[in-house]
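Please read the structure below before turning to the comments.
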Amino acid sequence: MPSRAFARKVRIVPSLLAADLAHLKDQIAQVEAGGADWLHVDVMDGVFVPNLTFGAKVIETCRSLTKLPLDVHLMVVEPEKYFETFAKAGASVMTIHVETAPHLHRQLAHIKELGCAAGAAVNPGTSLDTVREVAIDLDLLLIMSVNPGFGGQAFIPESLDKIRRARALLDAVGSSAALEVDGGIGRDTANACWRAGADTFVAGNAVFSAKDAAAEVRVLRALCAESV
Ligand code: DX5
Ligand code: ZN
């Protein structure tokens with residue numbers, strides 16, 4: 001189950017959870033104009049997390065509106081129920097939570113068989129030990145820097161040390177998986193996460209609450225690239 005080679009470069013990934021859905025097309029066009037690398041689609045089931053969001057229809061709609069890779073974050077129990085539908089709908093990356101994935105190795109393989117990149121996410125309270133055995137199989141490792149469920153929460157500072165340890169873990173096994181951080185990413189936190197070893201930055205409110213979403217994507221990218 002070889003993992004994909006994602007080069008270590010800054011990827012800015014606006015989260016549509018914070019977008020104005022009445023103007024989804026425009027919102028996507030704006031971040032695309034700003035140079036967004038991927039789009040982040042948060043799928044929540046009201047069971048694993050106390051909120052409900054998007055499903056296949058929204059993924060399909062996004063797919064029809066942009067050529068950018070769709071980074072689908074599954075905050076759901078029994079995520080494998082959705083793999084086929086979401087792959088068909090146009091997901092590029094599917095990331096599942098280790099807390100809901102008792103057969104993580106098999107589930108990651110399943111995602112890859114469907115032609116998608118496979119990611120594993122860990123909650124703030126979850127140890128990196130839960131991904132150690134599959135580190136070599138990962139296309140993406142997602143460090144949650146808030147407890148998942150809602151946008152606009154404050155970045156948990158301890159996440160920085162976890163990002164450092166995650167970078168060391170990926171390097172130790174020679175993995176070129178993307179190291180993604182999600183939650184509370186903005187002007188105050190992006191650069192520290194980059195210096196700690198993250199390369200893929202999900203940003204919801206920071207981008208879509210900004211006056212100019214395109215400009216904000218550029219600002220975040222510039223902040224990350226500083227002082228490597
Ligand atoms: C939270 C979601 C995030 C959310 C981030 O559970 O997984 O992707 O959209 O939002 P911000 O960037 O506003 O913290
Ligand atoms: Zn997310």
Side-chain angles (χ1 to χ4, degrees), residues 10-21 24 27-28 30-31 34 36-55 58-59 62 68-77 79 82 86 91-101 111 116-126 139-160 162-163 178-194 198-211 213 216-217 219-221 223-224:
V10 174
R11 272 178 289 265
I12 304 296
V13 187
S15 172
L16 296 177
L17 189 62
D20 176 356
L21 296 181
L24 184 61
Q27 298 265 273
I28 290 178
Q30 279 172 34
V31 295
D37 295 272
W38 299 348
L39 287 179
H40 189 78
V41 184
D42 286 305
V43 177
M44 305 186 190
D45 67 353
V47 179
F48 177 57
V49 291
N51 199 0
L52 284 166
T53 57
F54 313 133
V58 171
I59 296 171
C62 295
L68 289 181
L70 298 179
D71 176 35
V72 179
H73 178 190
L74 286 88
M75 286 160 277
V76 304
V77 298
Y82 307 97
F86 287 3
S92 313
V93 183
M94 281 196 266
T95 297
I96 58 176
H97 270 262
V98 298
E99 300 85 1
T100 65
I111 293 172
C116 298
V122 287
N123 276 342
T126 300
D139 297 317
L140 179 145
L141 175 56
L142 169 53
I143 305 299
M144 288 304 301
S145 40
V146 298
N147 286 294
F150 301 93
Q153 302 182 76
F155 180 87
I156 298 172
E158 288 74 21
S159 311
L160 286 177
K162 197 171 191 181
I163 293 168
L179 183 51
E180 185 173 58
V181 61
D182 183 7
I185 297 299
R187 293 184 183 207
D188 298 343
T189 49
N191 179 262
C193 292
W194 165 254
D199 52 23
T200 304
F201 302 84
V202 177
N205 276 270
V207 168
F208 288 109
S209 299
K211 239 200 261 148
E216 198 61 25
V217 170
V219 166
L220 292 180
R221 183 187 305 288
L223 279 171
C224 290

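As the structure lists them, so they are numbered: ligands from 1, and atoms in each ligand from 1. Numbers here simply count residues along the sequence, with the first being 1.
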Would you mind checking which non-hydrogen protein atom is closest to [atom], with the distance to 0.1 Å?
{"atom": "atom 6 (O) of ligand 1", "answer": "Gly149 N, 2.8 Å"}
{"atom": "atom 12 (O) of ligand 1", "answer": "Gly204 N, 2.8 Å"}
{"atom": "atom 1 (C) of ligand 1", "answer": "Phe150 O, 3.5 Å"}
{"atom": "atom 10 (O) of ligand 1", "answer": "Gly151 CA, 3.5 Å"}
{"atom": "atom 9 (O) of ligand 1", "answer": "Ser15 OG, 2.8 Å"}
{"atom": "atom 3 (C) of ligand 1", "answer": "Asp182 OD1, 2.9 Å"}

Looking at [X], which atoms of ligand 1 are within less than 4.0 Å of one of its heavy atoms?
{"X": "His40", "answer": "8 (O)"}
{"X": "Leu17", "answer": "4 (C), 9 (O)"}
{"X": "Ala203", "answer": "12 (O)"}
{"X": "Val202", "answer": "8 (O)"}
{"X": "Pro148", "answer": "6 (O)"}
{"X": "Asn205", "answer": "11 (P), 12 (O), 13 (O)"}
{"X": "His73", "answer": "7 (O)"}

Working to 10°, measure the angle at the Zn ion (ligand 2) formed by atom OD2 of Asp182 and atom ND1 of His73.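 Centred on the Zn ion (ligand 2), the OD2/ND1 angle is 90° (to 10°).
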Apex the Zn ion (ligand 2); atoms Asp42 OD1 and His40 NE2; angle rounded to 10 degrees: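 That angle is 90°.
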side-chain contact (heavy atoms from CB on, under 4.5 Å) with Met144: which of Lys162, His73, Glu99?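 Of the listed residues Lys162, His73, Glu99, the side-chain contact (heavy atoms from CB on, under 4.5 Å) partner of Met144 is His73.
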Taking [X] for the side chain and [Y] for the main chain, is one N or O donor matched with an acceptor at less than 3.5 Å?
{"X": "Asp199", "Y": "Ala178", "result": "no"}
{"X": "Ser145", "Y": "Gly183", "result": "yes"}
{"X": "Asn123", "Y": "Gly125", "result": "no"}
{"X": "Arg11", "Y": "Trp38", "result": "no"}
{"X": "Asp37", "Y": "Ile12", "result": "yes"}

Gly152 to ligand 1, any heavy atom closer than 4.0 Å: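 In this structure, Gly152 qualifies as a contact of ligand 1 - some heavy atom is under 4.0 Å.
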Is [X] in polar range of ligand 1, meaning some N or O pair under 3.5 Å apart?
{"X": "Asn147", "value": "no"}
{"X": "Met75", "value": "no"}
{"X": "Met144", "value": "no"}
{"X": "Gly184", "value": "yes"}
{"X": "Gly183", "value": "no"}

Is a donor from one side chain sitting under 3.5 angstrom from an acceptor on the other, for His40 and Asp42?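 The criterion, which ignores hydrogens and geometry beyond distance, is satisfied for Asp42 and His40.
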Is there a side chain to side chain contact (heavy atoms under 4.5 Å, CB included) between Leu16 and Cys62 once you walk through the steps? CA-CA 10 Å; Leu16 296 177; Cys62 295; 3.5 Å; yes
First locate atom CG of Leu142, then atom CD1 of Ile96, and finally report the distance between them rounded to the nearest 0.5 Å.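 Interatomic distance, Leu142 CG to Ile96 CD1, rounded to 0.5 Å: 11.5 Å.
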For a side chain to side chain contact (heavy atoms under 4.5 Å, CB included) check, start with the C-alpha distance between Cys193 and Phe155, then their side-chain angles and the critical distance, and finish with the verdict. CA-CA 11 Å; Cys193 292; Phe155 180 87; 3.5 Å; yes
Run the side chain to side chain contact (heavy atoms under 4.5 Å, CB included) check on Phe208 and Val31 step by step: do they pass? CA-CA 9 Å; Phe208 288 109; Val31 295; 3.8 Å; yes
Answer whether the closest heavy-atom distance between the side chains of Phe54 and Leu21 falls below 4.5 Å.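 Touching, per the 4.5 Å side-chain cut-off.
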Are Asp71 and Thr95 close enough, and set up right, to give a side chain to side chain contact (heavy atoms under 4.5 Å, CB included), and what steps lead you there? CA-CA 8 Å; Asp71 176 35; Thr95 297; 4.3 Å; yes
